[in-house]
Amino acid sequence: MLESLNVVDLTQPLGPDTVMWPGAPQPVMQTVLTVAHDGFYNRLVTVVEHTGTHFDAPCHMVEGGMSADQIPPDRLFRPLAVIDISAELDGDPDGVLTLAQVHAFEAAHGRIPDGAAVFLRTGWEEFNTDPARYANAPGPLRFPGFGAESARFLVEQRHVAGLGTDTLGIDTGAATDFVVHRQISHPRGVWHVENLQNLKAVPPLGAWVVVGVMKLVDGSGGPARVLALVP
Ligand SMILES: [Zn+2]
């Protein structure tokens, strides 16, 4: 089975220069022990939970929602659909995934399996080392995202386990009301992964995803290693 699988890493490197949500502190990596002096190399790492490629647990925006440690493991290993709208967006930082685009995806590639994870490729993954492009810094935050209609369809009609994106967030950057987070996904226990990359290396349907989020007690989310298993 392993020989027939290509493992694609959808994870950004996490370091002091990782592009953050505006206002969030940069990661701090502090070397506390070295092999030369102490016999061990070890660091003290300080990161906010929503850093780099990371998981949003439902409790991130819904009081009483599941925390990162409470997500059943089978919800983190899912069939994966990748909807690529980068060509249609053509760099539009306010664009959204529309319901019509979801229907067009299914017409072209087949029905999104019930309980799948659905990851959106906007093309922003190409800019994720450049805060000016990725977060529109130092201007107001702008990047494309899921539209409310498409998210509602995926959550209510396809019963997705999770949503993912190659931007800083599932809702658009300009959104201040976080409609998808607050009203559509998290209230139904749907998780998110944000700041994915390498989505162009994954087929529209047929792959699986493993979301290796840290099992943080009471975690609102956490850095995650996200791997696509492509047959
Ligand atoms: Zn987050």
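What you see below is based on every heavy atom in this structure, not just the backbone, and it leaves out hydrogens, waters and symmetry mates. Counting starts at 1 for both ligands and their atoms, following the listed order.
When only modelled atom types and interatomic distance are considered, Asp218 and Ser67 share no side-chain donor-acceptor pair under 3.5 Å.
The shortest distance between side-chain heavy atoms of His50 and Trp21 does not fall below 4.5 Å.
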Can you list, pair by pair, the side-chain donor-acceptor contacts under 3.5 Å of residues 204-213, counting residues two or more places apart and other chains?
none

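In Glu194, the N, O or S atom that comes nearest to the Zn ion (ligand 1) is OE1. Nearest N, O or S atom of His50 to the Zn ion (ligand 1): atom ND1. Checked against the Zn ion (ligand 1), the N, O or S atom of Asp56 at the shortest distance is OD1.
For the side chain to side chain contact (heavy atoms under 4.5 Å, CB included) with Val180, the lone residue among Val96, Val155, Leu154, Asp171 that qualifies is Asp171.
Here His192 does not reach the Zn ion (ligand 1): none of its N/O/S atoms is less than 2.8 Å from the metal.
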